[in-house]
Peer 1: 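After the structure tokens below, expect a handful of questions from me.
Residue numbers start from 1 in every chain, and the chains themselves are labelled A, B, ... in the order their sequence lines are given, proteins ahead of strands.
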Amino acid sequence: MFERTPDISDVLERFDEGSEVVIRGWIHRVFKVGGKVFAWVRDHSGFIQVVFDKSGLSTEWESVERLSRESSVEVKGSVRVDERAPGGKEIIATELVVYGYSPPFPIKGGEDVEYLLNVRHLWLRSRQMIALLKIKHTVIQALKDWLLKDGWWETTPPILTGSAVEGGATLFEVKYFDKAAYLSQSAQLYLEVLIFPLNRVWALTPSFRAEKSRTRRHLSEYWHLEVEAAWYDIDDMMGVAEGLVSHAVAKTIEERSNELKLLNRDVTKLESALHPPYPRVTYDEALEILARKGFSIKWGEDYGADEEKALTEEFDKPFFVTHFPKRIKAFYMKEDPKRPEVVLGFDLLAPEGYGEVIGGSQREDDYEKLYNRVLMEGLDPKDYEWYLDLRKYGSVPHSGFGLGIERLVMWIAGIEHIRDAVPFPRWRERIYP
RNA sequence: GCCGGGGUAGCUCAGCGGUUAGAGCGCCGGGCUGUUAACCCGGUGGUCGGGGGUUCGAAUCCUCCCCCCGGCGCCA
């Protein structure tokens, strides 16, 4: 059994000069100068310099000289305050245990994207990736906290499904005994079922899209936070989105300031997101803004990536686009009773060019209308019988949305590419490691 | 799927028709009483993505294929 040792951050923050400590971690960098060896040791919490000097060291010197980057070690020694040490404190080693030496580490700095992706399993030890892993943790916890405090039920919808939610072309097909099944691309339809027993529900699940996308904002596998609630209209649901996003930003700024700093995130650009409400523009108004900026889109067409980016430059905080033409949106979105050509759908776009983070809507709750939309979409109502049943047995007005965790992390952390918001990114050409 | 860029040493790249393909970093050896991407000296390092072709001669030109990166559509 291993006795627990203090985190390196604890040693830096709470241990005084002369304290005897034992730490465990990995060698981040090693300098052999004169008769001494300086090693920076890393654990999940931080880095500290360890100084090895022949005098006072009970371990044979050869073990120290063999130390290399990423060797795993346990060091016993005493704390010394010294301004020459990074962080202002170091450990003068009295004993060294090496759990595993490391051959020359394949990452030295300056490698290109492809190389780093191929050694992703090792690159995750880098400071940037550690910071991103922690930021993602905090974002997820913040989202869960908000929902828990607001009284929502966490549920576990299936990942293996028998039918599609959106278009069929983007599904991953898997063998399911002697039939075909699909990896879920959204839990929405199942969450709609679960509001009947539980009123307000959410789930955090992986979603899968077999799109052949090659962009900085798409993954084949991503983490999807979906919420669904009875007796919530589109405005209520946008309020939920504002609550979740502003809380996630607040928590991250509060708890991950070191990590944001390491990533050079300009936190002042996030501050406006702390204060909902977020601006709301309709699709029609978005088209007007775009027209002013020189983009001409016919009513009824969707806007593309360039247009979306241009739109995000108009706002300094996240904002909603609402009331899209029915024909460009999914069949389950409720049509606006005042304007049947549009639906009660909304997107939440992050500023600074980051774009869509959330897509949601009020759902069609009328049996006949939904049935017809299924038909119009060219779908087989038989596949959606259970879904249509929800509009038969005590139908209720309800709304929901899906939030892309990596999209949110990407914007909050201010990173260029979505692949770094997930430890093991997957897209068409990438399944290793 | 479409458009663009790329594949030369372990890594990042230069070389773009002419001897035996180079540099920096790394790595190995040596030196240095405090390093912060250490420094100094010496050494090591290559089927030039793969096949076919043109040529006296190909990393270099042509052709097919493979792989990767960026962008578009789609979306979270």
Peer 1: Need one value for A:F401: base, sugar-phosphate or nothing, where a base atom within 4.0 Å counts as base even if backbone is also close, heavy atoms only.
Peer 2: nothing
Peer 1: Just to be sure I understand the rule, does A:H218 reach a base, reach only the sugar-phosphate, or reach nothing, if contact means heavy atoms closer than 4.0 Å?
Peer 2: base
Peer 1: Using a 5.5 Å cut-off between ring centres and planes within 30 degrees, is A:F31 stacked on the base of B:A38?
Peer 2: no
Peer 1: Examine the base of B:U35 for any acceptor or donor lying under 3.5 Å from a partner atom in the side chain of A:Q49, and report the outcome as yes or no.
Peer 2: yes
Peer 1: Only one of A:E313, A:E307, A:E314 passes side-chain hydrogen bond (donor to acceptor under 3.5 Å, both in side chains) with A:K293; say which it is.
Peer 2: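 Output: one option passes, namely A:E314.
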Peer 1: Return the 5'-most residue of the pair A:L348, A:E114 with respect to RNA chain B, ranking by each residue's nearest nucleotide.
Peer 2: A:E114
Peer 1: Does A:R407 contact B:C75 through a side-chain donor or acceptor facing the base, at a distance under 3.5 Å?
Peer 2: yes
Peer 1: To the nearest 0.5 Å, tell me how far A:L274 CG sits from A:S246 OG.
Peer 2: 7.5 Å
Peer 1: Does a side-chain N or O of A:H417 approach OP1 or OP2 of B:G70 to a distance below 4.0 Å, or not?
Peer 2: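 Answer yes for this pair, as a side-chain N or O of A:H417 is under 4.0 Å from OP1 or OP2.
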Peer 1: Between A:A203 and A:L191, what is the shortest heavy-atom contact and its length?
Peer 2: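 Closest approach of A:A203 to A:L191: CB-CD2, 4.0 Å.
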Peer 1: Applying a 3.5 Å limit to both distances, which nucleotide forms a Watson-Crick or G-U wobble pair with B:U33?
Peer 2: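 Across all strands, not a single nucleotide pairs with B:U33.
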Peer 1: So which protein nitrogen or oxygen atoms get under 3.5 Å of nucleotides 42-49 of chain B's nitrogens or oxygens?
Peer 2:
none

Peer 1: For a ring pair (Phe, Tyr, Trp, His ring centres under 6.0 Å) with A:W40, tell me which candidate from A:F47, A:W26, A:F31 qualifies.
Peer 2: A:F31
Peer 1: Would you call A:E255-A:K134 a salt bridge at under 4.0 Å N-O?
Peer 2: no
Peer 1: A:R29 near the nucleic acid: base, sugar-phosphate alone, or nothing, with a heavy-atom cut-off under 4.0 Å?
Peer 2: sugar-phosphate
Peer 1: In the structure shown, which nucleotide is the Watson-Crick or G-U wobble counterpart of B:C25, with both distances under 3.5 Å?
Peer 2: B:G10
Peer 1: Any N/O pairs under 3.5 Å between the protein and nucleotides 25-29 of chain B? List them or say none.
Peer 2:
{"unit_1": "B:G26", "atom_1": "O2'", "unit_2": "A:K108", "atom_2": "NZ", "d": "3.4"}

Peer 1: So, are A:K89 and A:D82 salt-bridged, with charged N and O less than 4.0 Å apart?
Peer 2: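 A:D82 and A:K89: not salt-bridged.
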Peer 1: What's the shortest heavy-atom distance between A:I130 and A:H44, and which atoms?
Peer 2: CG2-O, 4.5 Å
Peer 1: For the pair A:F172 and A:F208, name the ring-plane relationship: parallel under 30°, tilted 30 to 60°, perpendicular over 60°.
Peer 2: perpendicular
Peer 1: Hey, is A:R80 close enough to A:E90 for a salt bridge, meaning N to O under 4.0 Å?
Peer 2: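 Judged by the 4.0 Å cut-off on N to carboxylate O distance, A:R80 and A:E90 do form a salt bridge.
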Peer 1: Check whether the side chain of A:E90 and the base of B:G34 form a donor-acceptor pair under 3.5 Å.
Peer 2: yes
Peer 1: Salt bridge check, A:R217 against A:E356: does any charged N sit closer than 4.0 Å to a carboxylate O?
Peer 2: no
Peer 1: So for atom CD, which belongs to A:E17, do other residues, nucleotides or ligands contribute more than 12 heavy atoms lying within a distance under 6.0 Å?
Peer 2: yes
Peer 1: Contacts to RNA chain B from residues 286-304 of chain A, heavy-atom cutoff under 4.0 Å, which residues?
Peer 2: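 Output list: A:D302, A:G304.
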Peer 1: May I have the distance from A:L219 (atom CG) to B:A76 (atom P), rounded to whole angstrom?
Peer 2: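 Going from CG in A:L219 over to P in B:A76 covers 14 Å.
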